[in-house]
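Before any comments, here is the structure.
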Amino acid sequence: MEDCMVKHFISIRDLTPENALSLVRRAKAMKEARHFSTLLQGKVLVLIFEKASTRTRISFEVGVRRLGGQCILMTPAESQLGRSEPLEDTARVLSRYNDGMIVRTFGEEKLHQLMQYGSIPVINALTNEGHPCQVMSDVLTMYERHPDLSALNVAWIGDGNNMANSWIEASIRFSFALTLACPQGYDPDPALLDLAREKNARVTLCRDPRQAAAGAHYINTDVWASMGQESEQRAREKAFAGYCVDAELMRLAQPDAKFMHCLPAHRGEEVTEDVFESPASIVFDQAENRLHMQMAIMEWVFS
Ligand code: CP
Ligand code: NVA
């Protein structure tokens with residue numbers, strides 16, 4: 001997304017199909033070359049994290065350093081964010097010192113406020129509505145194994161959450177088939193399902209995890225209660241019973257199907273220990289690819 005010459009990375013749906021694929025190709029090349037550069041030399045990126053993070057924060061910090069830049073972490077507990085200073089003001093102040101904002105927050109509207117009032121690029125590091133850096137990294141993880149993404153069947157089993165939404169956007173952009181199995185009441189964003197229909201994307205929503213798993217090349221899941229939904233844990237355990245990815249479900253998929261999870265995982269809930277630890281599990285390749293994909297995204301945003 002471009003706004004008065006400032007480039008932002010907010011969602012996969014904002015990318016053109018060519019742009020999306022070139023980011024994946026660039027990330028693969030950067031990974032293979034163990035890429036370092038001076039692109040961000042003299043630049044400071046502020047990481048505004050209103051939710052916990054291991055992978056996103058550390059992979060961004062490493063990526064910024066590999067591109068020659070520096071970063072500063074800002075959390076609500078240790079800044080005026082936690083004392084309700086308006087984002088409009090925070091955005092204008094931070095834009096006077098920094099060259100970019102990498103933001104993990106609750107509602108996506110907060111990113112829009114930061115873009116509107118700030119004057120530097122904003123990169124989405126997860127919101128309630130999407131997790132585009134993760135899903136772009138996951139697409140890279142599939143692309144390394146199957147360069148013809150349009151030939152793939154991908155299954156999403158579980159909550160129609162931020163990850164599921166970004167997977168729908170990825171299906172539209174990269175043309176792979178996506179079947180989501182979500183319990184009633186936990187569907188992904190209906191506007192994205194409409195967009196998928198409008199774009200003739202192969203996105204199917206069903207209730208039966210077995211339908212989603214049948215013939216899949218990749219089976220994906222995520223926690224049943226996302227950050228901010230901890231109080232719903234019990235109710236969600238009931239609603240999601242039957243949606244655990246286990247060996248029986250994996251057997252319905254392609255013979256060499258892979259298991260994917262953005263992590264952190266709750267073994268014994270959304271995935272069994274044996275599937276998580278099986279050779280079919282590529283969860284740590286996904287985690288590694290966060291670094292390479294985000295370096296490609298930052299290169300695109302700051303070039
Ligand atoms: N997958 C992911 O975003 O992990 P973190 O919450 O640890 O950043
Ligand atoms: N859906 C999860 C993803 C964590 C990386 C959450 O939002 O907590």
Side-chain angles (χ1 to χ4, degrees), residues 9-12 27 45-64 71 73-76 101-111 123-142 156-170 180-183 185-189 192 218-233 235-237 239-240 243-245 259-267 269-271 276 281-295 297-298:
F9 180 81
I10 302 301
S11 67
I12 297 174
L45 275 63
V46 57
L47 286 101
I48 305 173
F49 273 56
E50 296 201 287
K51 290 176 177 172
S53 171
T54 295
R55 280 144 289 270
T56 309
R57 178 186 155 198
I58 303 302
S59 57
F60 263 115
E61 288 213 18
V62 173
V64 169
C71 37
L73 177 68
M74 180 168 166
T75 63
M101 297 184 251
I102 297 170
V103 189
R104 170 167 285 196
T105 188
F106 292 86
E108 193 180 285
E109 71 281 356
K110 290 191 175 192
L111 300 185
I123 296 177
N124 182 353
L126 180 147
T127 62
N128 292 345
E129 291 84 5
H131 197 1
C133 288
Q134 175 74 52
V135 175
M136 286 294 286
S137 310
D138 297 345
V139 171
L140 167 61
T141 311
M142 299 193 304
W156 176 268
I157 292 170
D159 193 13
N161 61 12
N162 44 10
M163 283 291 301
N165 288 336
S166 290
W167 272 104
I168 293 172
E169 295 184 18
L180 305 110
C182 308
Y186 296 92
D187 289 352
D189 181 351
L192 288 177
Y218 293 91
I219 295 192
N220 258 284
T221 190
D222 188 11
V223 290
W224 292 340
S226 286
M227 289 181 276
Q229 297 172 332
E230 290 77 6
S231 64
E232 299 173 30
Q233 177 69 29
R236 283 170 171 268
E237 279 170 22
F240 288 88
Y243 284 79
C244 175
V245 178
F259 170 73
M260 300 180 84
H261 194 308
C262 62
L263 304 180
H266 291 169
R267 293 162 167 84
E269 287 185 30
E270 73 273 9
V271 57
F276 186 90
S281 172
I282 54 170
V283 299
F284 298 107
D285 292 339
Q286 292 174 254
E288 176 187 345
N289 281 340
R290 299 296 304 278
L291 170 64
H292 310 295
M293 190 68 235
Q294 288 158 194
M295 283 177 69
I297 291 169
M298 288 191 283

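Atoms within each ligand, like the ligands themselves, are counted from 1 in listed order. Predicted model only: the values in this text are computed from it and were never measured.
- Rounding to the nearest 0.5 angstrom, the gap separating the CG atom in N161 from the CH2 atom in W156 is 5.0 Å.
- Under a 4.0 Å criterion applied to the non-hydrogen atoms of N161, ligand 2 contributes the atoms 1 (N).
- Residue, atom and distance of the protein heavy atom nearest to atom 7 (O) of ligand 1 are T54 N, 2.7 Å.
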Pair D138, Y218 - check side-chain contact (heavy atoms from CB on, under 4.5 Å), show working.
CA-CA 10 Å; D138 297 345; Y218 293 91; over 6 Å; no
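- When the options N128, T105, T127 are evaluated for a side-chain hydrogen bond (donor to acceptor under 3.5 Å, both in side chains) with K51, the one that passes is N128.
- Set against the non-hydrogen atoms of Q134, the atoms of ligand 1 under 4.0 Å away are 1 (N), 2 (C), 3 (O).
- For the ring pair (Phe, Tyr, Trp, His ring centres under 6.0 Å) test, no residue two or more places apart in sequence or in another chain qualifies with F259.
- Every atom of ligand 1 is numbered from 1 in the order shown, and the set under 4.0 Å from a heavy atom of R290 is 1 (N), 2 (C), 3 (O).
- For the pair M227 and ligand 1, the shortest N or O to N or O distance does not fall below 3.5 Å.
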Is there a side-chain contact (heavy atoms from CB on, under 4.5 Å) between M295 and L291? Walk through the geometry before answering.
CA-CA 6 Å; M295 283 177 69; L291 170 64; 4.0 Å; yes
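- For atom 8 (O) of ligand 2, the nearest protein heavy atom (residue, atom name, distance) is M227 N, 2.8 Å.
- Annotation: atom 5 (C) of ligand 2 to nearest protein heavy atom, L263 O, 3.7 Å.
- Nearest non-hydrogen protein atom to atom 6 (O) of ligand 1 is R104 NH1, 2.8 Å.
- Test R57, R104, K110 against E50 for salt bridge (Lys or Arg N to Asp or Glu O under 4.0 Å) and you get one pass: K110.
- Heavy atoms of K51 come nearer than 4.0 angstrom to ligand 1 in no pair at all.
- Here the side chains of I123 and Q294 are not in contact, with every heavy-atom distance at 4.5 Å or above.
- For ligand 1, the atoms sitting less than 4.0 Å from at least one non-hydrogen atom of H131 are 2 (C), 3 (O), numbered in the order shown with element in parentheses.
- Atom 3 (C) of ligand 2 has its closest protein heavy atom at D222 OD2, 3.6 Å.
- Residue N162 touches ligand 2 through its side chain alone, judged by heavy-atom distances below 4.0 Å.
- Taking only non-hydrogen atoms, the option from A225, S226, G130, A52 nearest to atom 2 (C) of ligand 2 is S226.
- Using cut-offs of 30° and 60° for the angle between ring planes, the H261 and F276 rings count as perpendicular.
- Annotation: atom 4 (O) of ligand 1 to nearest protein heavy atom, R55 NE, 2.8 Å.
- Looking at residues two or more places apart in sequence or on another chain, you find no side chain to side chain donor-acceptor pair (under 3.5 Å) involving N124.
- For the residue pair E169/N165, the side-chain donor-acceptor check at 3.5 Å is not satisfied.
- With a 4.0 Å heavy-atom cut-off, ligand 1 is reached by the backbone of L263 but not by any atom from C-beta on.
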